[in-house]
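Everything on this sheet refers to the single structure shown next.
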Amino acid sequence: MSKENIEKLAKAYIPKAYEDAVYKKWEHSGAFNSDNLESRKGDYCIVMPPPNVTGTLHMGHAGMLAYEDIMIRFHRMDGFRTLWLPGTDHAAIATQTKVEKIIKEDGLTRHSLGREEFLKKVDEFAQKSHDTIENQIKKIGSSCDWSREAFTLDKTRNKAVNSVFKLMYEDGLVYRGERVVNWCPRCHSTLADDEVEYEEVTGKLYWLKYGPFVLATARPETKLGDTAVAVHPSDKRYKEMVGKDYEIQGVLGKFMVKVIADRSVDMEFGSGVVKVTPAHSLIDSEMATRHGIPTKKIINEDGKMMDNCGKYAGMTTLEAREAIVEDMQEMGLIDHIEEDYKHKLSLCYRCDTVIEPLPSLQWFIDVNKKTDKLLGKSIKETCVDAVKKGVFKKEKINIIPSRFEKNYFHWMDNLRDWCVSRQIWYGHRVPVWYKDEEIFVGVEAPKGEGWVQDEDTLDTWFSSGMWTFSTLANKPEQISIKDGKLYIDSEDFRNFHPTAVLETGYDILFFWVARMIIMTTYAINDIPFKNVYLHGLVLDEKGKKMSKSKGNVIDPLDMIDKYGTDATRLSLIIGSTPGNDMKLSEEKIEGLRNMVNKLWNISRYIIQTIGIDKSEIKKENLTAADQAIIVKVQDLIDEIKKDLEGYRFSKAAEYLREFSRNDFADWYLEITKYDHSTEKKKVLTLILSDLLKLWHPFAPFITETIWSNFNDSLLLTEKWPSSKKYRELLGHSKEASLFGEIIEIIKGIRNVRAAHKVAPDKKIEVVIYAGEQTEFIRSQEHLIKKLKTGIEKLTITEKGECLKNAVPLTVGEIEIYLPLGSLIDSKKEKLRLENELEQAEEYLASIERKLKNQAFTKNAPAEVIAREEKKAASTKSKLSKTKALLQQLS
RNA sequence: GGGUCUGUAGCUCAGUUGGUUAGAGCGCCACGUUGACAUCGUGGAGGUCUCCAGUUCAAAUCUGGACAGACCCACCA
C-alpha cells in the first residue's frame, strides 16, 4: 500500500472525482465485450430497450439501466459470458413530429423541404440526440458493449425488417386493404388501436328527427355519410321496420337508408336506434361489412368535409357540426339537445389531436390467419401459448410479476389485425414496389424500369418487434431468407438468443413486449426472451407523473452531479418492487449518498488505519467476534445471491445496507478497536473485499474506486463471492452464536444508562450472573467494558444474590445488575417494573391459553408447540425475577 | 361496462409458501468531539396491519363483501 494511495482517500467520497475515469478504465479493459469473457456458467444476454432518439434520458431510463446493469454485472462476476447490447430507437412519429416543430421556427415544413431534404434534417437531429443519449447511458455506469450498438433504423435492422415483411406477405399474413383506421389529421397518419388515447369530455348529445325515428348522436355532421340505421334484433319497438328502406330528410336533400338489426346496438342508449356512418366509425364499418351496406366517405385526411358535402365542403368537422345543427334547427330536424353529455374523445397519443376514423388503404398484419410457419396456428394463438405453456420446445416465457400475464392474455385475445403502415417519412419504407397493375414485395428494389416504391413507412414497433434477434446480427449479410424462413448467421445469435431477460416498463407490455413475441415467434420460430422483468414508473414525491409542464422533473444528470451515480442508482432500486410505481424525492437520493459515503469511510478505516493483509486466516486464532461476523457474511452472501437470482433487487440492496451499517460498521468495526485478535487485519481484508464485490452491481463506481486502492485487478471482473469459502474456514461455531448474547448485554447496559439518565462520563459498576456461560462471558469481558457501556468495575460470576439498589436486566438465562444506587429513580423504576410485569403476565396468559387448547396441541406442528413452550418457560422465569425485584423496591 | 393493483408507524415502503410480543429507511425526541465517518454515533417514542364477515388450533398473510385510491382494456352512436 503506497502512501500515494492513502492520500487519495479523502474524508468524504467525491463521486465526480472518480466516476468518469473509472468508466473509461472499464471500457478500455474490454470486459464489456463478450468476446473477452469466458462462458464458465453459460451465456447471459440482455438487449437494452432502445431509448427514443427524441431527446434526453429521464429517471425512468436511469432506473431501467440500473436494473439491467445490476443483472449484467452480477452475472458477469458469477461466471457467465454476458452481453448487454445497447441501442436507440428511431421512434418514427415522435422524432418526425419533433423535427417538424424545429424547422417550423424557420418557416419550413416537411413538404416545402421535400422527402429527401427533410429526412436529412431528421437524421442530423437523430444523430445529435443519439450522442447525448450515449453519454448519459455511460454516466449511469452501464456496462454495455458499445462495439455492438444498434439502431432500429440502420442497414442491418432494415434488412431484417424487409425480409420479415416479405415473408409475411408470401404467407399471406401481411395484406393491403381499405379499412377504417384511426387517423390523426395532424400527423397525417394512421395509428394503431393502442396508440389512441381517450379523454373524457362533456359535450352535447343531439336528438335528431330521422325519418320515422328519433335518434341520438354526438356527431350530427356525420349524417352526410349515413347509409343505414341500426337497431337491436330483439328490440320490439322497431321489429316491423327491420329490412325496410326509408327516405330521410337531410340538410342537403333527401336520401335513403336501410334499417338493419345488429347485436352491437345498445337498446338502452338513446332511443335504441343508431345511425350508421360506415366510413367514419369503426363499429359502423364492421356493421356495414356484416350487412353489406355501402360506405360513403365525407371527411378527408385533413379532418375536413369533402367536396361531396355541398356547402359544408372544406369546413373542419367542428365547423361543419355547428353549421349543420343550425340548419337542421331551422328545418325542424332537431328534436332536442342534451347539454351535459359525458363521453370520451379519441386522441392521438403523440400530439393529442382528435382522431378521425376514416377508410384508408393500408397494410395490415393478419393475426388470426393460421399458417404453416406457426405449425398451423395463428399469430394470436402462438403468442398466447408462448406465455401460457411454451412454444417451439421452449419453456413458457416468464413474466415478472406474474399478474401481468393476465393482462397480456386479455390483450392478445382481443387483438385485431395490426395496421403497420404509417403515412410519415421517417422510418423503414414499406418494401413494396408498384408498376401499373404489378406489385413487387422484396428485400431489395426490383430490377427494371418504372417501379415506384410505396410512399408509406412501417410502424416503429414493426422494427422494434425484431429487436432481440435483429440486433444479434452484426451486419446485413448475416441476414437471409432460406426455405421461407429468416436465417441469422452470426456467432452472437447462436450464443445469445433467446435472450435471458427483457427488462422494461409495464407501460409498454402491449406496445413492445407483445410485438416482440409476435415478430420473433413468426420470423425465427423462437421466443425472444426467457423472462420479462417489468419495472414501474418513477413518480415524483407526491406520486404524480414527472413532466416538464408540471415542473416536477428530477433530472438524473443533476442528481448524479450532486450526489453521484451510485446514490442515484440506489435510490431507484431500493423501495421499488416489480410492476409497481415508485415515488422518488431528492431527500431519498441524499440519504443514499450518505450510505455510499459510509461505505467509503468503512473502507478508509480498514485500508488506512487497520491495514490490508491478504494472507490466509488461521482458524484457531479467531476470536468469538471474528467468528460471529464470519457467520453473518456467510449468510449475507447466500441471501444476496438468492435475491439477485429471484429479481428481488430492492431486498438485496436493503440487506447489504443493513449488514454494512449495522453488523459490520457499528458492531464489528467498533469491536476491532478493543478486541485484540491477531487475525483482524485478515478478517477485515477478506470481508471488505467480498462486501465490495456484493455491492458492486448496485454501486459500481465507489466499489471499483475503493477496490483499486488495494488491488491491481478490476473489481468488474472479479469472481462473485462464495459462502463456501466461509463455511470451510469456520465450520460450525458455537462461539459465533453465543456472541449474540454479548451484543444483547451491551445494548441492555447502554439502554439502562440512557433510561436513568446516567451522565455519559459517569463510570458505573456492573454485576453479571452468567450461569453455564460464565466462562464465555468472562472471555468477552473487555468488550462489555469498552463498547460505550462506561463500566469501571465488572464482576462476572456463575450466580449470586439479587442485588439491592440495582437495576436488573436479563439476557436469556443471564442476569445482569447495575447497582446505580442513588442514580436510580426508584419511582420510575417501580413503574417500569410494574409495566413489565403486566406485559409479561398478559403474554404468558396468551401462550398458556394456546398450550391448553387441545385443538392447538393436536394440530400444530411439533416445532411450533416446542417454540411456544420455550416462550412460556422464559416468560415465567422473567416474571418471577421481576416480581422479586418489585418486592425489594417496596 | 370488464380487468388489475394498492390500502401496515407522521412519510416512503418491506413482510417469500398462514405460527415474529409486526420490521427498515427518512422524520421526530433525548444524549454524544472516545483510533473511519456530524454525509456520524448511542438510546427512545410511535402501529386495534382500512372496515366487516368467514375458513383455521392459528390470519397483516387465505376466502367473500364494503369503503377509499391508482392504473389498464373496451367504448355508446
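In what follows, chains are A, B, ... by sequence order, proteins preceding strands, each numbered from 1.
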With sugar-phosphate meaning primed atoms plus P, OP1 and OP2, does A:A218 contact a base, only sugar-phosphate, or nothing at under 4.0 Å between heavy atoms?
sugar-phosphate

Given the structure, check if the side chain of A:K673 and the base of B:A36 hold any donor-acceptor pair shorter than 3.5 Å.
yes

Do A:K598 side-chain and B:C37 base share a donor-acceptor contact under 3.5 Å?
yes

Can the positive tip of A:R661 be found less than 6.0 Å from the middle of the six-membered ring of A:W667, inside 45° of the ring normal?
no

OP1, OP2 of B:C57 versus side-chain N and O of A:R849: anything below 4.0 Å?
no

Expressed in whole Å, how much space separates the C1' atoms belonging to B:G32 and B:C37?
15 Å

Using a 4.0 Å heavy-atom cut-off, does A:Y506 contact any base of the nucleic acid, only the sugar-phosphate backbone, or nothing at all?
nothing

Could you tell me if A:K673 sits above the aromatic ring of A:Y605, with its cationic atom closer than 6.0 Å to the ring centre and no more than 45 degrees from the axis?
yes

Within the structure shown, what part of the strands sits under 4.0 Å from A:N853 by heavy-atom distance: base, sugar-phosphate, or nothing?
sugar-phosphate

If I take atom CZ from residue A:R403 and atom CG from residue A:L534, how far apart are they, to the nearest 0.5 angstrom?
9.0 Å

Categorize A:K871 for me: base, sugar-phosphate, or nothing, with a 4.0 angstrom heavy-atom threshold over every strand shown.
sugar-phosphate

Does A:H410 make a side-chain N or O approach to OP1 or OP2 of B:U4 shorter than 4.0 Å?
no

Paired with B:U6: which nucleotide, if any, by Watson-Crick or G-U wobble criteria at under 3.5 Å for both distances?
B:A68

Salt bridge or not for A:D675 and A:K680, using N-O below 4.0 Å?
no

Mind checking if A:A759 touches a base, just sugar-phosphate, or nothing, with heavy atoms under 4.0 Å?
nothing

Does B:C37 have OP1 or OP2 sitting under 4.0 Å from an N or O in the side chain of A:R604?
yes

Counting any heavy atom closer than 4.0 Å, what does A:I574 reach on the DNA or RNA strands: base, sugar-phosphate only, or nothing?
nothing

Report yes or no: is there a donor-acceptor pair, N or O only, under 3.5 Å between the side chain of A:R403 and the base of B:U4?
no

In whole angstrom, give me the gap between the P atoms of B:C49 and B:A60.
7 Å

Proximal nucleotide (of B:A24, B:A77, B:G35) relative to the A:Y605 side chain:
B:G35

Any donor-acceptor pair, under 3.5 Å, between the side chain of A:E670 and the base of B:A36, if you only look at N and O atoms?
yes

